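The next block holds one structure in the form of structure tokens; read it before the comments.
In listed order, ligands and their atoms are each counted from 1. Model, not experiment: these values are computed from the prediction.
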Amino acid sequence: MIQVEQAKTLAPVIASTTVALYVSYKIIQSLLHDKKKFTKEIPVPGSSLPYVGHMFSLGNMPFETVSQWHKKLGPIIQFHMGVQTWVSIDSPDLAHKVMVTNGSKSSQRNESEFGFNLYSFGGKGIVHSQPNAAWKKARGAVAAAIAPSQIDLHMSSIQNEARKLVDILIDTSDKTKAGIFPFRDLQLYIMNTVTLIGLGKSFPNKDDPKFIELAHTIDEAFKLSGVDFDLASYLPIFIIYDYFKGVRQTFKHFVTEIRDPIFDALIKEAYNAKGPNLVKYLKENNYDLSEEETMVILSDIIGAGTDTNSVYLCWTIGIMCHYPEVQVKIAAEIDNFIEHHGRLPSFSDRLELPFCVSTMKECMRYKPITAFGIPHLANDDIEVDGYIIPKGATIIPNMMSMHKNPEAYPDRPNEFVPERFMNALETSSVASKGKVEERDHFNFGWGRRICPAIHMAEVETFIGFVELMSRCFIEPGEDGMPDINKARNGGISILPSPYKVKFINRKN
Ligand code: HEM
């Protein structure tokens, strides 16, 4: 009897609980269904293999393959690099939403064995570190040390290096009938401007053993940071392979026997160098950085600052050779300035050379410097325009197709149009802080990780280019026009194929 009474009182409770559960289940199901309905699948290119994914479909020129995938599949695509998911974006608007609007979820870096664990002693410095307090301090310190007022202190040394660069280009060109490939000379010029600011020292010429040693160290660091050497991060089975191949030993040897001693000596020298430099600035302003932090910051700066700018100038010279009429216009602007002011234009005079500034920006858009910038990592799911970028995905901007995107560049996106930026002459450093639709180009990256040295890069390249165009015409060498449609894979950067040009003294 008691049991029947209990059943009678429990029946409505059970019934209402069942109804409540059923209703909740239906609501959750419909929410999930709605989410599914409103979540678009990120397209995946077809050529994926089990375990390795798309790794071997990328070919020798991954940026070209990924650009082709974008053409077929749209502005966002997803592919698999072994166990890693990579999401590539080639719409500036979408990239802005992912890396700026969702900056708190998209500003991490991959923790690779070489870059993170060994080269940066577990994520110290700037480039490889996670966006934590130490990264903020290091980035803030460098930003202050290379602020415009600090760069101004080095302006006459930069101009002096530019003069030496052009002297040597004209001189070797005079002596070499076939023409010259100027990459090493450009690398010396840029490295000298970076080491003058960073360490208060420069190298006398490109045959100087210390210059060769440092240039080789940077090249090696770029090479070891590449996918080929870090297979274990993508395909864990390669950990065994790595063990036998001694790849980790190669990494360790490079860091402890090559990078550390070279930078240790350079940093000690910098404390005693005459005049201002970044190493002294960090010490005098009490940033309280450990020796390891200072070492990684300096190798980040010299590594990230040298090849990027030299690659840019090397492309620009190749492009100029194709457009003599553009050279004539730029030369006229510079000559006109000199006639009025009795001196060469400095960076602060750039608005008096609008066509030159516009052309320099267009060269960077037309031939981007890096393939994928420096990849970001999603530390949470990112919902954007109906897509979900999964937590743990590597996020890359595909620089090549992004800079030819007809929505961002409606006027002849695939052509070189030197006057394209005549109405957008502000510095790229200013443009990068504005609205995405007002940015000139995206070579300096995105959001919290954006290149902290845009001003420095613009000053070095402007001074070098103006010095060059004030004194020379660039003509093809004996082998004909540089093939600027051919590129080489430089790991992080996209290099021009070697070419030969002549630097003809305009006074002759
Ligand atoms: C044309 C020249 C340059 C280009 C195209 C360039 C491009 C870039 C790009 C794409 C990034 C990654 C941004 C991102 O993660 O979204 C970056 C980061 C960085 N760049 Fe540059 N850069 C140039 C010159 C320089 C120079 C001259 C220096 C230093 C002297 C420098 C130092 C750095 C550093 C330290 C980072 C890491 C920032 C971070 O992870 O927080 N770069 N740069």
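- For Ala304, the side-chain contact (heavy atoms from CB on, under 4.5 Å) test picks out no residue, with sequence neighbours left out.
- Scanning the protein heavy atoms around atom 2 (C) of ligand 1, the nearest turns out to be Asn309 OD1, 3.2 Å.
- With salt bridges taken as basic N to acidic carboxylate O contacts below 4.0 Å, none links Glu293 and Lys124.
- The pair Lys97-Asp385 meets the salt-bridge criterion, with a side-chain N (NZ, NE, NH1 or NH2) lying under 4.0 Å from an Asp/Glu carboxylate O.
- Listed by atom number, the atoms of ligand 1 under 4.0 Å from Gly373 heavy atoms are 10 (C).
- Compare Asn443, Thr461, Thr370 by their heavy atoms: the one nearest to atom 10 (C) of ligand 1 is in Asn443.
- Using a 4.0 Å cut-off between heavy atoms, Ile369 contacts ligand 1 through its side chain alone, with no backbone atom that close.
- Of the protein's non-hydrogen atoms, the one nearest atom 38 (C) of ligand 1 is Arg139 NH1, 3.4 Å.
- Salt-bridge formation is not detected for the pair Lys329/Glu333: no Lys NZ or Arg NE/NH1/NH2 atom is positioned less than 4.0 Å from an Asp or Glu carboxylate oxygen.
- Atom 37 (C) of ligand 1 has its closest protein heavy atom at Val127 CG2, 3.7 Å.
- Between Asp300 and ligand 1, a contact under 3.5 Å exists for no N or O pair.
- For atom 14 (C) of ligand 1, the closest heavy atom belonging to the protein is His376 NE2, 3.2 Å.
- For the side-chain hydrogen bond (donor to acceptor under 3.5 Å, both in side chains) test, residues two or more places apart in sequence or in another chain that qualify with Arg420 are Glu362.
- Of all the heavy atoms of Arg449, the ones lying under 4.0 Å from any atom of ligand 1 are found in both the backbone and the side chain.
- Heavy atoms of Met364 found under 4.0 angstrom from ligand 1 belong exclusively to the side chain.
- For ligand 1, the atoms lying closer than 4.0 Å to a non-hydrogen atom of Met456 are 30 (C).
- A donor-acceptor pair shorter than 3.5 Å can be found between the side chains of Asn398 and Ser67.
- Short contacts between ligand 1 and Trp135, defined as distances under 4.0 Å to a heavy atom of the residue, involve ligand atoms 39 (C), 41 (O).
- With hydrogens and angles disregarded, a donor-acceptor distance shorter than 3.5 Å links the side chain of Ser106 to the backbone of Val98.
- Ion pairing between a basic and an acidic side chain is recognised when a charged N comes within 4.0 Å of a carboxylate O; Asp219 and Arg184 show such pairing.
- Ring centroids of His54 and Trp69 are separated by less than 6.0 Å, placing the two rings close together.
- Shown are the protein N/O/S atoms under 2.8 Å from atom 21 (Fe) of ligand 1, given by residue and atom: Cys451 SG.
- With hydrogens left out, the protein atom closest to atom 40 (O) of ligand 1 is Arg109 NH2, 2.7 Å, a heavy atom.
- Cation-pi contact between Lys283 and Tyr271: present, with separation from the ring centre below 6.0 Å and deviation from the ring axis of at most 45°.
- Between the Asn443 side chain and the Met364 main chain, a donor and an acceptor come within less than 3.5 Å of each other.
- Glu113 meets the salt bridge (charged side-chain N to carboxylate O under 4.0 Å, His left out) test with Arg248; sequence neighbours excluded.
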